[in-house]
Amino acid sequence: MAAAVRAGLWHLWHRGLSGLVMAAAVRAGLWHRGVISATRRGSHSSTALKPQYDAVIIGAGHNGLIASAYLQKGGLKTAVLERRHVLGGAAVSEELIPGFHFSRASYLLSLLRPHIYQDLELKKHGLKVYMRDPYSFTPMLEDGVRGRPPPSLTLGADLAKTQQEIGKFSEKDAKVYPDFLSYLERLACAIHPLLDAPPVDIPGLTQGSLRKKISALSSLKPLVKSGLKLEKNIPDFYELVTAPVMKVLNRWFESEPLRATLATDSVIGANTSPNNPGSGYVLLHHVMGELEKEKGAWGYVEGGMGGVSQSIARSARSLGADIFTNKDVEQVLIGQDGSAKGVVLTDGTEVHSKVVLSNATPYITFKQLTPQDALPEAFITAVDQIDYTSPVTKINVAVDKLPNFLAAPNSADGKPGPHHQCSIHLNCESVEVLEEAYREGQQGRPSSRPMIEMTIPSVLDPTLAPPGCHVVSLFIQFTPYLLEGRRAWTDEDRERFADTAFDWVERYAPGFKKSIVGKDILTPADLERVFGLTGGNIFHGSMSLDQLYLARPLPSVADYRTPVKGLYLCGSGSHPGGGVMGAAGWNSALKVLADFKRL
């Protein structure tokens, strides 16, 4: 299979050639021989778009789909309108290279709220997750001793094995590691009540009648629950969310590979360094999930991350939601009373509704979809100040053989080893390497030694690639949105940076470059263009302390309501933020249901 793809298609594959063109080439030359089989990854509604709904949701990202399910549960006839040909927003599966199915943007699942998982019966609707154990592998480039492979650090659920791994670098670190995990779990669990509810209703508590103020007291409950869970750990919590993560990690550990590996979770997807204040919260955000009742676990979704979105869509449709692809919303319709009355599509079709929920970023919602004369000038100015800086380039790679790491050579039978299922951290031997990568990115230069998180989901999920082949995800930092001189990326720039990334992978796993069948390069600007992620930011806005909780995305719209009556936010740009979590969709839907009778 791989040889056929390489021989027949490699000369065609370059950035900008669509998967449809590739598929057509394969159909002409290979499909009739049975070399490649088609798998239907999407599910499309046969329902016609109606002119009137109770609620219209712009964008079929996971939050929009979740909101639609809960609105339907609440009795509102809901339509979801997706601009692209595929559901899921950034949680999609796409056959970019014939026979290879990629989680094109988001690539791991952990943060999806357990109550949403259960309420929407996602397992019943096809969601299957492959758990990973071990889950983290950090190979080193230094030479091995006496002919042995170079050193590496592997972390997993087996605490004794993990301590043994850490002990190769520091017995002290191995001894305290279980205490560190307990410390993180205590702090992460305290956040959970805050995730599943809107932020505290400050206007309600401070303005209006006494009855309104008393009613708003209920919004304090999650905050009180969080405080009660923390108890004496409140100072630790405050320190972790505000401090540079290295201040905390340096106090716990002395070995550089362990500190650097843990520090990667404090910067992943964020334009920050482990030595910057607030990086501790990013770490906490990435360890507060739960998968199959295992706290902090991350897994691969069968069929790619589109499997999450498709299961949510099937659940929503079973409840009565109408979900459409290829429906590009041009603008929110505003009535004479200044309230939202529906949307108009780019083809001129009008869809009327009593409420509109936007799963787009706040910038797209307020600067592109909402008529500017419907918004206060001061509010528009505030929207312009939201930070969407992104350091991420995602490269999806199809390979015809399993990567073979010097630090953990492949077995003779060619079967994947435990380390292949991990998040594989390259160029993460030391915090200084991460720091230097960050510094280069801030100067408008893609990092010459970038931080790479490599995953190979096909080692656990055979549906993703042809036999013997694999899909590889490279999540890479730090790359600026604009290059030096505020210059946009060219195809040559993309190829040059991809070569840099591949050269580094090659140093850890010789033979990787020769195994490449095809690739898909997504710089921050490409993530914005393809997925509507403003600035290429995977969180719909930076997860910095000034853009969290009461200030996400802005203090005046932290409760999902907007200055336009009947228009709501429901995406990751709202509280509690990014990741495939679904809490923003859930919280927004509950807010809409509470308001609906009064609209």
Side-chain angles (χ1 to χ4, degrees), residues 5-6 9-19 21-22 94 96-97 100 102 104-105 107 141 264 267-271 273 389-400 403 424-429 433-456 471-531 533 535-538:
V5 174
R6 186 191 303 281
L9 300 176
W10 174 244
H11 70 283
L12 296 174
W13 185 255
H14 58 86
R15 196 194 159 275
L17 184 61
S18 74
V21 175
M22 292 294 293
E94 295 189 60
L96 303 172
I97 298 161
F100 295 84
F102 293 92
R104 195 175 183 192
Y107 55 101
L141 279 181
T264 61
V267 300
I268 196 81
N271 190 43
S273 102
T389 309
S390 169
V392 171
T393 287
K394 175 87 187 294
I395 305 181
N396 299 298
V397 190
V399 297
D400 65 5
I424 301 165
H425 304 286
L426 306 181
N427 289 333
C428 298
E429 289 95 330
V433 172
L434 306 183
E435 282 288 336
E436 181 55 33
Y438 169 74
R439 285 193 290 267
E440 284 187 280
Q442 304 320 293
Q443 295 164 9
R445 299 195 306 271
S447 303
S448 58
R449 186 178 180 181
M451 180 184 102
I452 302 173
E453 181 167 292
M454 177 182 190
T455 54
I456 317 171
V471 294
V472 175
S473 164
L474 301 178
F475 194 82
I476 310 170
Q477 293 176 226
F478 292 79
T479 53
Y481 182 90
L482 294 173
L483 300 174
E484 279 183 297
R486 300 193 61 76
R487 182 173 61 83
W489 289 72
T490 64
D491 286 349
E492 291 75 19
D493 293 321
R494 290 180 181 87
E495 292 293 336
R496 191 179 305 115
F497 181 70
D499 286 342
T500 296
F502 296 159
D503 286 342
W504 280 108
V505 177
E506 181 80 13
R507 292 186 67 176
Y508 290 91
F512 176 78
K513 291 177 71 173
K514 287 185 178 179
S515 74
I516 295 174
V517 173
K519 62 183 182 291
D520 170 51
I521 308 166
L522 296 166
T523 67
D526 297 316
L527 291 168
E528 178 179 78
R529 173 181 53 82
V530 175
F531 299 105
L533 297 170
N537 190 285
I538 64 171

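The first residue of the sequence shown is numbered 1, and numbering continues consecutively from there.
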Side chain to side chain donor-acceptor pair (under 3.5 Å) against Tyr508, all qualifying residues, sequence neighbours excluded: Asn427, Glu429

Side chain Thr479, main chain Pro391, donor-acceptor under 3.5 Å: yes

Euclidean distance, Leu426 CG relative to Leu474 CG, rounded to 0.5 Å: 8.0 Å

The single option from Glu440, Glu436, Arg439 passing side-chain contact (heavy atoms from CB on, under 4.5 Å) against Ser447: Glu440

Asp499/Arg496 salt bridge by N-O under 4.0 Å criterion: no

Main-chain N/O of Ser448 paired to Trp504 side chain as donor or acceptor, under 3.5 Å: yes

Pair Lys394 + Asp526, salt bridge at N-O below 4.0 Å: no

Side-chain (Asn396) to main-chain (Arg104) donor-acceptor, under 3.5 angstrom: yes

Asp400/Lys514 salt bridge by N-O under 4.0 Å criterion: no

Short side-chain donor-acceptor distance under 3.5 Å, Tyr481 and Glu528: yes

Phe475 and Ile538, any side-chain heavy atoms less than 4.5 Å apart: yes

Carboxylate-amine/guanidinium proximity below 4.0 Å for Glu506 and Lys513: no

